[in-house]
Amino acid sequence: MSESVPASSSTSSTPAVSPQFAKYKACFYNLLTWKNLYVSGGSFAGALTTLYLFKYVNVVKLFFNFAYLALGTAIAVEFAGRTVKGGPGFVSSFRGSGSYFVISKDVVDPLFSEFTVIVNFLLVEFQQIVFVENFPLTVFAFVVSYFTYILVHYVSLWSLAVFGVIVAFSAPPVYLKFQKEIDAHVAAANKIIDEKTGELKVKANEHFGIAAGVAQGYVNQALDKVGYKRNLPPVPAAGPAATEPTPTNVPVTAE
């Protein structure tokens with residue numbers, strides 16, 4: 001059963017933040033706004049280093065290279081031990097009678113719980129962007145999406161990833177530094193959009209009225225051609241037929 005995240009009853013420019021997501025929101029905010037220079041700098045350098053390693057180091061090839069070297073060495077040492085000792089080799093007897101190494105459930109459960117919270121946090125943030133609950137953030141996401149769509153035709157995904165990391169760590173400080181100016185421009189753009197939207201609604205209603213009148217005229221012409229009578233007063237229902245009174249017979253007396 002999926003759990004719903006509580007939200008405010010009315011949509012505002014600053015939506016309510018669930019308490020379980022508050023720490024992650026604060027963490028990302030502090031990280032991307034360089035509240036701690038060492039943590040943000042280390043994360044920025046680590047992200048770029050990871051991207052460069054994935055580009056210039058074949059991780060899959062390196063993994064299998066290490067795997068076959070390690071397993072081959074273990075086989076050689078085990079074979080040598082069995083040859084010398086005549087019994088279990090050095091590798092197989094290294095573990096001894098101890099139990100195998102396993103991961104405790106007490107360690108895994110909190111990790112999966114935190115991972116679930118992080119995934120839900122990202123889903124909620126994505127929905128807030130899609131439903132325009134944070135207008136400046138939605139505008140920023142639109143601009144990023146549009147330019148990414150344009151750039152993907154000319155540059156590689158790796159270059160876009162590097163550019164995205166640079167923008168993610170540089171755009172928030174720039175926004176905080178020029179927040180008043182940026183908010184003023186966003187408010188002006190929002191006002192212009194509202195005005196244009198209102199004008200479009202008025203024009204659409206006018207055109208709809210004209211089109212409805214023209215359509216009604218064509219319908220009336222078609223009804224006239226097939227002989228359908230329109231706008232005539234209703235014919236009164238026929239009442240019971242009136243009967244003429246029968247003449248009364250007057251008796252005639254003999255004189």
Testing the basics here: between W34 and P173, what is the closest heavy-atom pair and its distance to 0.1 Å? CD1-CG, 3.5 Å

With hydrophobic residues grouped by side-chain heavy-atom distances under 4.5 Å, do [X] and [Y] end up in a single group?
{"X": "I103", "Y": "F112", "result": "yes"}
{"X": "F178", "Y": "V139", "result": "yes"}
{"X": "F66", "Y": "L53", "result": "no"}
{"X": "I166", "Y": "L32", "result": "yes"}
{"X": "F142", "Y": "Y149", "result": "yes"}

Crowded around L69 CG? As in, over 12 foreign heavy atoms under 6.0 Å? yes

How does the hydrophobic cluster around I192 look, that is, which other residues are in it when side-chain heavy atoms under 4.5 Å mark a link? none

Give the other cluster members for V59, using side-chain heavy-atom distances under 4.5 Å between Ile, Leu, Val, Met, Phe, Trp and Tyr residues; answer none if it is isolated. F54

What's the spacing between [X] [atom1] and [Y] [atom2] if we round to 0.5 Å?
{"X": "D106", "Y": "L111", "atom1": "CG", "atom2": "CG", "value": "11.0 Å"}
{"X": "N30", "Y": "K25", "atom1": "CG", "atom2": "NZ", "value": "12.0 Å"}
{"X": "L151", "Y": "S159", "atom1": "CG", "atom2": "OG", "value": "10.0 Å"}
{"X": "F28", "Y": "I118", "atom1": "CZ", "atom2": "CD1", "value": "6.5 Å"}
{"X": "F169", "Y": "T33", "atom1": "CZ", "atom2": "OG1", "value": "10.5 Å"}
{"X": "F44", "Y": "L48", "atom1": "CZ", "atom2": "CG", "value": "4.5 Å"}

State whether the side chain of [X] and the backbone N or O of [Y] hold a donor-acceptor pair below 3.5 Å, judged by distance alone.
{"X": "W158", "Y": "L51", "result": "yes"}
{"X": "S40", "Y": "L31", "result": "yes"}
{"X": "N190", "Y": "V186", "result": "no"}
{"X": "S113", "Y": "D109", "result": "no"}

How far apart are the C-alpha atoms of V119 and F115, what are their side-chain angles, what is the distance that settles it, and do they pass the side chain to side chain contact (heavy atoms under 4.5 Å, CB included) test? CA-CA 6 Å; V119 172; F115 177 75; 3.8 Å; yes

Enumerate the side chain to side chain donor-acceptor pair (under 3.5 Å) contacts for [range], please, sequence neighbours excluded, ordered by first and then second residue.
{"range": "residues 196-205", "result": "none"}
{"range": "residues 168-187", "result": "Y175-D183"}
{"range": "residues 69-78", "result": "E78-R82, E78-S92"}

Partners passing side chain to side chain contact (heavy atoms under 4.5 Å, CB included) against S145 (at least two apart in sequence or in another chain): none

Take E125 and I129, measure what side chain to side chain contact (heavy atoms under 4.5 Å, CB included) needs, and give me the verdict at the end. CA-CA 6 Å; E125 290 295 319; I129 292 175; 5.5 Å; no

Start with the C-alpha gap between Y68 and N65, add the side-chain angles, then the distance that decides, and say whether side chain to side chain contact (heavy atoms under 4.5 Å, CB included) holds. CA-CA 6 Å; Y68 92 80; N65 187 18; 2.9 Å; yes

